[in-house]
Every structure is written in structure tokens, then in C-alpha cells.
A.B. asks: 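For reference, the structure I am asking about is given below.
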Amino acid sequence: MKILILRFSSIGDIVLTTPVVRAVKQQVPGAVVHFCTKPGYRSIIEPNPYVDKAHYLTGSLKELVAELKAEKFDFVVDLHHNLRTSLLKAQLGVKSASFDKLNWRKWLLVQFKINTMPRVHIVDRYLAAAAQLGVKNDGKGLDYFIPPADEVDVATLPAGFQHGYVAFAIGAQHATKRLPVERIIELCAQLRRPVVLLGGPEDESTGHVVELAFEKQAAVSPPSMPSIPDSPYYFPKQSASNNQQATTIYNACGRYSLSQSASLVRQAQLVVSHDTGLMHIAAAFRKEIFSVWGNTVPEFGMYPYRTEFRVLEVRDLPCRPCSKIGYEKCPQGHFRCMRDIKFDLDLPQTQDGR
């Protein structure tokens with residue numbers, strides 16, 4: 001049986017589809033599993049041993065339809081369920097099933113703060129879309145496969161980070177899902193151990209500011225904040241310097257590919273992350289996660305899956321959630337969902353007693 005699974009974006013969402021891919025491959029007799037996405041996510045799909053063939057939306061939808069029609073699929077599992085995938089399914093003309101996006105329920109929660117969302121993780125909603133194939137949740141959680149060439153040897157990290165560190169994913173696609181830089185500094189100070197900052201090239205300048213704040217000279221007096229990114233989410237605030245003396249920072253933002261960053265996440269003692277793709281990659285490795293939430297909420301069903309985690313958020317804020325995705329600036333102008341989070345961390349003790 002030849003089965004096509006559709007999910008065009010994004011990093012976290014594609015990682016969240018991996019239990020479906022695995023279940024279909026392992027539980028459907030003779031299943032040949034194809035996955036269709038955008039070429040930017042090739043590094044997630046191609047190392048996955050449960051995907052027999054990948055297809056990429058590189059040109060027009062018409063070209064993609066022609067490519068997929070030639071495969072003669074028996075069934076399509078639509079885990080994106082938007083206009084584009086609906087058109088694609090209609091033109092393929094084979095049996096299909098789509099996951100329920102619950103858009104009306106999300107709209108009620110965003111617009112009126114009426115929570116009718118089921119207490120069901122999105123992974124289980126994805127799996128429900130494949131129920132017609134007879135698959136069930138195998139309880140094995142998420143997958144992320146790192147090619148051997150992308151494994152990062154911790155011996156290549158700065159000396160102070162080779163014997164254990166916290167991975168902190170400081171990026172996110174939307175500004176309202178990211179802590180302001182001075183709050184990142186405050187949170188890092190409370191970690192009191194080596195911290196590797198992870199993110200893309202767009203996060204490098206923020207990481208640089210955090211790294212400067214924790215240099216030895218800045219540990220004696222309140223750190224200066226040079227090269228602050230041009231952002232409405234920077235609110236200068238002094239941090240206590242005595243806590244910073246125990247924290248060291250390595251700004252790895254923009255230095256590693258996605259799979260290399262995943263390798264650093266896998267080898268971390270624990271992970272701090274915004275609501276973003278690296279959070280779900282950390283869950284795939286069963287890492288303990290401190291999950292930071294701003295304008296979005298875990299009730300949407302995309303919290304860390306089948307791993308130990310703690311949510312850092314401002315509950316009962318009247319304006320939250322203000323979006324199911326995010327904005328480039330706080331609609332209310334105060335950004336309290338990130339500025340008012342209390343960082344009450346009960347950190348696990350490391351092997352060296354820290």
C-alpha cells in the first residue's frame with residue numbers, strides 16, 4: 001500500500017508528524033511511505049528511515065501534482081489541511097483523511113478567551129487522521145534523526161562547555177514568542193551553569209548581547225548592553241551581578257545547521273526553549289525542558305510531547321492568547337506575557353553537584 005503524508009511546514013510541525021510516519025510504516029502491512037513538504041525541511045525528512053521517498057514543493061502546485069500522480073498513491077494523510085493541500089488531494093483523486101485543525105475553537109480562545117480546546121496533544125490529533133489505516137499510538141514519542149556527519153563533538157566547544165551545559169533556544173519565528181534580551185539575561189543568570197545559546201543567523205546579534213553581559217568584566221558590575229537589536233521588545237533592566245558569576249555563555253546562534261543544533265540539544269543536560277521547533281526536537285530526545293510561552297498558550301496542544309517539562313508563562317493574563325501564531329509587536333504595547341514571567345526554577349542537580 002502506497003501512502004502519501006502531507007505537511008508543508010514548519011520545523012516543529014514536521015517533527016510533530018513523526019509518530020504518524022513511524023506508525024504507518026510499522027503498522028500498515030507492506031506500507032510504502034512518501035512524505036511531501038517544502039525543500040527547506042529536507043534535513044528533517046531525508047534521514048528518517050520510515051520515509052521511503054520525499055517530494056518537495058519546489059515549483060508550481062501543478063508540477064507537484066503531476067509528480068505525485070505518477071506515484072499512484074492508495075491513500076493520502078493530510079496533516080496540514082489548508083487550501084493548497086485540499087486542491088492537491090482533489091486533483092490526486094484518491095482516498096484521503098485530514099487532521100482537524102480546530103480553527104473555530106482556536107478562534108474562540110484567541111478572540112473571546114473561551115477555551116473549548118480538547119485536552120489532546122496535536123500529535124494525537126495527527127494520529128487520528130491516520131486511524132482509517134488502522135494505526136495506533138505506539139507510545140514512543142517523537143523522532144529526530146541526525147546524520148552522522150552532523151553530530152557535534154562536544155570537544156570542539158569552548159573548554160568550559162565540554163563537561164555539561166544547558167541548551168537555550170533563544171529564537172522563534174515571531175517576536176511575541178521570544179523573551180526580550182534583558183529577560184534572556186535574567187533567565188540565564190538563574191541557570192548558574194554553562195549555557196549554549198542556539199538559534200539561526202537572525203538570532204546572532206541577540207546572542208552576542210547576552211554573551212557580552214556574562215563576560216568576566218561584566219560580572220563585577222552591572223553589564224552594559226551594547227549592540228542592542230532594533231526591537232520593540234528591548235526593555236533595559238539591571239540584573240543582579242552576583243548570580244551572573246556562575247553562568248557562562250557560548251553564543252552558537254548562526255554557527256550550526258539545524259541538525260547540528262539538534263545534536264547540541266541531544267547532548268545538553270537540560271533545555272530552555274521558547275515555543276519553537278527546537279523545543280519539539282528536544283522532546284524527541286526526551287530532554288527535560290523549561291518551555292517559555294508568550295502570546296501563545298500550551299492549550300493549543302503543542303506543548304512538549306512525552307517528555308518531562310515545565311511551562312514558564314503568565315497565566316490568567318486577560319489579553320492572552322492574542323494570536324494562535326504570533327506578531328512582530330505586542331498588540332497592547334506592554335508585552336506583559338513575556339515581561340512578567342516569574343523564573344522560579346527548581347533545577348535538577350548535575351553530576352558534578354551544581
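Residue numbers start at 1 and run along the sequence shown.
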A.B. asks: Look up atom CG in Leu312 and atom CH2 in Trp293, then write down how far apart they are to the nearest 0.5 Å.
C.D. replies: 11.5 Å
A.B. asks: Strictly distance-based, threshold 3.5 Å: is any side-chain N or O of His81 a donor or acceptor partner for the main-chain N or O of Phe99?
C.D. replies: yes
A.B. asks: Tell me the closest heavy-atom pair linking Glu202 and Ser205, and the distance in Å.
C.D. replies: O-OG, 4.4 Å
A.B. asks: Taking all non-hydrogen atoms of both residues, which atom of Phe285 and which atom of Val265 are closest, and how far apart?
C.D. replies: CD1-CG1, 4.3 Å
A.B. asks: From the options Val311, Leu270, Val166, Leu191, select the one residue that forms a side chain to side chain contact (heavy atoms under 4.5 Å, CB included) with Phe290.
C.D. replies: Leu270
A.B. asks: Side chains of Pro118 and Arg105: does their closest heavy-atom pair fall under 4.5 Å?
C.D. replies: yes
A.B. asks: For the pair Arg320 (side chain) and Val314 (backbone), establish whether a donor and an acceptor sit closer than 3.5 Å, ignoring hydrogens and angles.
C.D. replies: yes
A.B. asks: Show, in sequence, the C-alpha distance, side-chain angles and deciding distance for Lys95 and Gln132, and conclude whether the side-chain contact (heavy atoms from CB on, under 4.5 Å) test is met.
C.D. replies: CA-CA 10 Å; Lys95 292 181 180 179; Gln132 293 183 41; 5.9 Å; no
A.B. asks: Search all heavy atoms of Ile281 against all heavy atoms of Ala262 and return the closest pair with its distance.
C.D. replies: CG2-CB, 3.7 Å
A.B. asks: State, yes or no, whether a side-chain contact exists between Lys324 and Asn103 at a heavy-atom distance under 4.5 Å.
C.D. replies: yes
A.B. asks: Nearest 0.5 Å, please: how far is SG in Cys330 from CZ in Arg339?
C.D. replies: 10.0 Å
A.B. asks: Does Gln267 reach the main-chain N or O of Val152 with its side chain, forming a donor-acceptor pair under 3.5 Å?
C.D. replies: yes
A.B. asks: Are the side chain of His274 and the backbone N or O of Ile170 linked by a donor-acceptor pair below 3.5 Å?
C.D. replies: yes
A.B. asks: Please indicate whether Lys113 has more than 12 foreign heavy atoms, meaning atoms of other residues, nucleotides or ligands, lying under 6.0 Å from its NZ.
C.D. replies: yes
A.B. asks: So with a 6.0 Å cut-off around CD of Glu308, is the heavy-atom count from everything else above 12?
C.D. replies: no
A.B. asks: Could you check whether any side-chain heavy atom of Leu16 comes within less than 4.5 Å of a side-chain heavy atom of His121, counting everything from C-beta outward?
C.D. replies: yes
A.B. asks: Are Pro19 and Leu142 close enough that some pair of their side-chain heavy atoms sits under 4.5 Å apart?
C.D. replies: yes
A.B. asks: Do the side chain of Asn48 and the main chain of Ile45 share a donor and acceptor less than 3.5 angstrom apart?
C.D. replies: no
A.B. asks: Can you tell me if Asp124 and Asn137 form a side-chain donor-acceptor pair at under 3.5 Å?
C.D. replies: yes
A.B. asks: For Val297, does its backbone N or O pair with a side-chain atom of Glu313 as donor and acceptor, under 3.5 Å?
C.D. replies: no
A.B. asks: If Ile, Leu, Val, Met, Phe, Trp and Tyr residues are connected whenever their side-chain heavy atoms lie under 4.5 Å apart, and connections chain through other members, are Leu68 and Leu61 in the same group?
C.D. replies: yes
A.B. asks: When you look at His280 and Tyr305, which way does the side-chain contact (heavy atoms from CB on, under 4.5 Å) test go after all the steps?
C.D. replies: CA-CA 7 Å; His280 299 298; Tyr305 188 66; 5.9 Å; no
A.B. asks: Closer than 3.5 angstrom, by distance alone: can the side chain of Thr247 be matched with the main-chain N or O of Cys188 as a donor-acceptor pair?
C.D. replies: yes
A.B. asks: Would you check if the side chain of Tyr327 reaches a backbone N or O of Cys322 as a donor-acceptor pair within less than 3.5 Å?
C.D. replies: yes
A.B. asks: Does a side-chain heavy-atom distance below 4.5 Å link Lys69 with Leu92?
C.D. replies: yes
A.B. asks: If I take atom CZ from residue Arg22 and atom CG from residue Asp138, how far apart are they, to the nearest 0.5 angstrom?
C.D. replies: 4.0 Å
A.B. asks: Mind listing the closest non-hydrogen atom pair of Gln332 and Cys319 along with its distance?
C.D. replies: CG-CB, 4.1 Å
A.B. asks: Measure up the Tyr303 and Phe309 rings against each other and bin them: parallel (under 30°), tilted (30 to 60°), perpendicular (over 60°).
C.D. replies: parallel
A.B. asks: Do the ring planes of Phe8 and His80 sit parallel (below 30°), tilted (30 to 60°) or perpendicular (above 60°)?
C.D. replies: tilted
A.B. asks: Using the rule that Ile, Leu, Val, Met, Phe, Trp and Tyr join whenever any side-chain heavy atoms are under 4.5 Å apart, tell me whether Val135 and Leu4 fall into a single cluster.
C.D. replies: no
A.B. asks: So which atom in Val20 and which in Ala130 form the shortest heavy-atom distance, rounded to 0.1 Å?
C.D. replies: CG1-CB, 4.1 Å
A.B. asks: Could you check if a side-chain atom of Asp346 sits within less than 4.5 angstrom of a side-chain atom of Arg310, using non-hydrogen atoms only?
C.D. replies: yes
A.B. asks: Take a 6.0 Å sphere around CD of Glu204 and say whether it holds more than 12 heavy atoms from other residues, nucleotides or ligands.
C.D. replies: yes
A.B. asks: Nearest heavy-atom pair of Ser259 and Ile146: which atoms, and what distance?
C.D. replies: O-CG2, 3.9 Å
A.B. asks: When rounded to the nearest 0.5 angstrom, what distance separates CZ in Phe75 from CE in Met1?
C.D. replies: 6.5 Å
A.B. asks: If hydrophobic clusters are built by linking Ile, Leu, Val, Met, Phe, Trp and Tyr wherever their side-chain heavy atoms come under 4.5 Å apart, do Met302 and Ile44 end up in the same one?
C.D. replies: yes
A.B. asks: Under 6.0 Å from the six-membered ring centre of Tyr144 and within 45° of its axis: does the NZ or CZ of Arg266 meet both?
C.D. replies: no
A.B. asks: Using a strict 4.0 Å threshold on nitrogen-to-oxygen distance, state whether Glu299 and Arg315 make a salt bridge.
C.D. replies: yes
A.B. asks: Nearest 0.5 Å, what's the CZ-CD1 distance between Phe300 and Ile325?
C.D. replies: 9.5 Å
A.B. asks: When you check the gap from the basic side-chain N to the acidic O, do Lys2 and Asp52 get nearer than 4.0 Å?
C.D. replies: no
A.B. asks: If you round to the nearest 0.5 Å, how far is CD of Gln27 from NZ of Lys136?
C.D. replies: 8.5 Å
A.B. asks: Among Arg125, Lys101, Arg7, exactly one meets salt bridge (charged side-chain N to carboxylate O under 4.0 Å, His left out) together with Asp13. Which residue is that?
C.D. replies: Arg7
A.B. asks: Looking at Ala284, is its backbone amide N or carbonyl O close enough to the side chain of Arg286 to form a donor-acceptor pair, meaning the two atoms are under 3.5 Å apart?
C.D. replies: yes
A.B. asks: Checking Ser323 against His174 for the side-chain contact (heavy atoms from CB on, under 4.5 Å) test, could you report, in this order, the C-alpha distance in whole Å, the side-chain angles of both residues, the deciding distance, and whether it holds?
C.D. replies: CA-CA 11 Å; Ser323 166; His174 299 282; over 6 Å; no
A.B. asks: Is there a path of hydrophobic side-chain contacts, each under 4.5 Å between heavy atoms, that joins Ile5 and Leu64?
C.D. replies: no
A.B. asks: Could you check if a side-chain atom of Ile122 sits within less than 4.5 angstrom of a side-chain atom of Tyr126, using non-hydrogen atoms only?
C.D. replies: yes
A.B. asks: Is there a chain of hydrophobic side chains (I, L, V, M, F, W, Y, each step under 4.5 Å between heavy atoms) that links Leu57 to Leu79?
C.D. replies: no
A.B. asks: Are the side chains of Ser263 and Tyr256 in touch, meaning some heavy atoms are under 4.5 Å apart?
C.D. replies: no
A.B. asks: Test Phe161 against Thr248 for side-chain contact (heavy atoms from CB on, under 4.5 Å), laying out the working first.
C.D. replies: CA-CA 9 Å; Phe161 299 83; Thr248 53; 3.7 Å; yes
A.B. asks: Taking Lys177 for its side chain and Asp275 for its backbone only, find out whether a donor-acceptor pair lies under 3.5 Å.
C.D. replies: yes
